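These figures come from a predicted structure and were not determined experimentally. When a residue number appears, it is its place in the shown sequence, counting from 1.
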Amino acid sequence: TATEIGANTLLAGGRRTFAMMRKINKDNPIPIWERALITVEEGTALTGIGYLKLRAMSNEPSCEYVVWIGASKMLKRRKLEEYLENSYSV
C-alpha cells in the first residue's frame, strides 16, 4: 500500500519514487553526500534504509544524529554515517 507523507511524497513499501528523488535534487543543488544536515527523506535516499525505519530510529531518545530546527527534524549526515558504520544491523 502507498502512504502519502506531505506534498508530493509517495512511499510504497518503504521505497521512494523516482519523482521524489528528482524533487530532492532540484530543491537543493548541493549533493546529499556533501551536506552537514539532511532530511529524513534524503537520509532514506543516501542510506537505502526505508523512510519509516529511519524515522523510527531517529525517534529513539538516545539518537545522537538528530537535530531539530524549529519543528523540522534534520539528520546529522556524518553522525548517521558513523552510526551505520559501527552497527551490525538496524
Side-chain angles (χ1 to χ4, degrees):
T1 66
T3 305
E4 187 171 334
I5 301 173
N8 301 325
T9 303
L10 185 67
L11 303 175
R15 296 184 184 203
R16 302 167 51 76
T17 63
F18 183 71
M20 187 58 192
M21 291 296 295
R22 286 191 323 224
K23 180 182 183 307
I24 287 173
N25 293 333
K26 185 171 54 171
D27 288 347
N28 192 338
I30 300 170
I32 293 171
W33 57 89
E34 291 183 5
R35 297 184 206 160
L37 298 175
I38 58 176
T39 64
V40 176
E41 291 88 0
E42 292 167 341
T44 297
L46 181 67
T47 63
I49 298 172
Y51 176 85
L52 297 177
K53 178 65 177 181
L54 191 55
R55 187 92 178 162
M57 290 169 48
S58 64
N59 285 337
E60 297 280 327
S62 62
C63 182
E64 296 180 359
Y65 52 85
V66 170
V67 63
W68 288 89
I69 300 176
S72 299
K73 181 189 289 191
M74 301 294 287
L75 305 177
K76 300 174 190 176
R77 182 189 51 81
R78 289 185 195 101
K79 288 277 192 186
L80 174 61
E81 289 173 344
E82 287 174 18
Y83 172 80
L84 293 174
E85 285 177 14
N86 296 322
S87 296
Y88 176 74
S89 68
V90 291

- Query: Given the rule that I, L, V, M, F, W and Y join up when any side-chain heavy atoms are under 4.5 Å apart, are Tyr65 and Val90 in one cluster?
  - Reply: yes
- Message: Any salt bridge linking Arg78 with Glu82? Criterion: basic side-chain nitrogen under 4.0 Å from a carboxylate oxygen.
- Response: no
- Message: If I take atom CG from residue Leu46 and atom CG from residue Leu84, how far apart are they, to the nearest 0.5 angstrom?
- Response: 8.5 Å
- Between Cys63 and Ser58, which heavy-atom pair has the shortest distance, and what is it? SG-CA, 3.8 Å
- Item | Heavy-atom donor-acceptor pair, Glu34 side chain to Pro31 backbone, under 3.5 Å | no
- Looking at NZ of Lys53 and OG1 of Thr44, how far apart are the two atoms once the value is rounded to the nearest 0.5 Å? 12.5 Å
- Does atom CH2 of Trp33 have more than 12 heavy-atom neighbours, drawn from other residues, nucleotides or ligands, at distances under 6.0 Å? no
- Item | From OG1 (Thr39) to CD1 (Ile69), nearest 0.5 Å | 11.0 Å
- Could you tell me whether Lys73 atom NZ has more than 12 heavy atoms of other residues or ligands within 6.0 Å of it? yes
- Take Val66 and Lys76, measure what side chain to side chain contact (heavy atoms under 4.5 Å, CB included) needs, and give me the verdict at the end. CA-CA 6 Å; Val66 170; Lys76 300 174 190 176; over 6 Å; no
- Message: Is it the case that the side chain of Arg77 and the backbone of Arg35 share a donor-acceptor pair, with hydrogens and angles ignored and the cut-off at 3.5 Å?
- Response: yes
- Task: Go through the steps for Leu75 and Glu42 under the test side chain to side chain contact (heavy atoms under 4.5 Å, CB included), then give the verdict.
- Result: CA-CA 9 Å; Leu75 305 177; Glu42 292 167 341; over 6 Å; no
- Message: Using the rule that Ile, Leu, Val, Met, Phe, Trp and Tyr join whenever any side-chain heavy atoms are under 4.5 Å apart, tell me whether Ile30 and Met74 fall into a single cluster.
- Response: no
- Query: Which atoms form the tightest heavy-atom contact between Leu54 and Val40, and what is the distance?
  - Reply: CD2-O, 3.6 Å
